[in-house]
Amino acid sequence: MIDVANKITFFEFLTPLIKSGKKTITIRDKSESHYLVGSQVEVFTLETDQKVCEIEIVSVEAIRFDLINEFHAQQEHLALPRLKELIKEIYPNTNELFVITYKLMPSDT
Ligand SMILES: CC(=O)Nc1ccn([C@H]2C[C@H](O)[C@@H](CO)O2)c(=O)n1
């Protein structure tokens, strides 16, 4: 069993961006802000729980929804309006979010 501190899920359609190193942040709510800087975390698809890759947590920083900007969108590899729409769909009732910055770990395969 993998501990919650060492597992993160992403929508399947986003996982190629993580695996290619193009997407280097994710914005989550407080319930997913527990990742420790320097820890290695396994990435799984949300829909099918398939392992995608491993990442290392670089930082976890609080942010308000209204302060999400173009730089975050670039790091998410998404257009800013799409990113904000997605975040509002996932977390409709909170303004208190966390930017989790990570780097892709080299894979064995
Ligand atoms: C369970 C859950 O919340 N899963 C999530 C949350 C967010 N994402 C993605 C969508 C955006 O690219 C960023 C910002 O939230 O993170 C996700 O893939 N899975």
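Whatever order the structure lists them in is the order used to number ligands and atoms, beginning at 1.
Ligand 1 has no nitrogen or oxygen under 3.5 angstrom from a nitrogen or oxygen of L14. Some N or O of I27 is nearer than 3.5 Å to an N or O of ligand 1, by distance alone.
A 4.5 Å side-chain heavy-atom check between T15 and K19 finds every atom pair outside the cut-off. The side-chain heavy atoms of F10 and L17, taken from C-beta on, include no pair separated by under 4.5 Å. Proximity of I100 to I27: side-chain heavy atoms (C-beta onward) are nowhere separated by under 4.5 Å. I63 has its side chain within reach of H72: a pair of non-hydrogen atoms, C-beta onward, lies under 4.5 Å apart.
With a 4.0 Å cut-off on non-hydrogen atoms, D29 does not touch ligand 1 at all. Residue F13 does not touch ligand 1, judged by heavy-atom distances below 4.0 Å.
For atom 16 (O) of ligand 1, the closest non-hydrogen atom on the protein side is T26 OG1, 2.7 Å. In this structure, the protein non-hydrogen atom closest to atom 18 (O) of ligand 1 is F11 N, 2.9 Å. Protein heavy atom closest to atom 3 (O) of ligand 1, with residue, atom name and distance, is Y91 OH, 3.3 Å.
Salt bridge present: K7 and D49 bring a charged side-chain N and a carboxylate O closer than 4.0 Å. Using a 4.0 Å cut-off between charged side-chain N and carboxylate O, E85 and K88 make no salt bridge.
When the heavy atoms of E32, R82, K23, R28 are ranked by distance to atom 5 (C) of ligand 1, first place goes to R28. Nearest to atom 14 (C) of ligand 1 by heavy atom, out of Q75, H72, E76, is E76.
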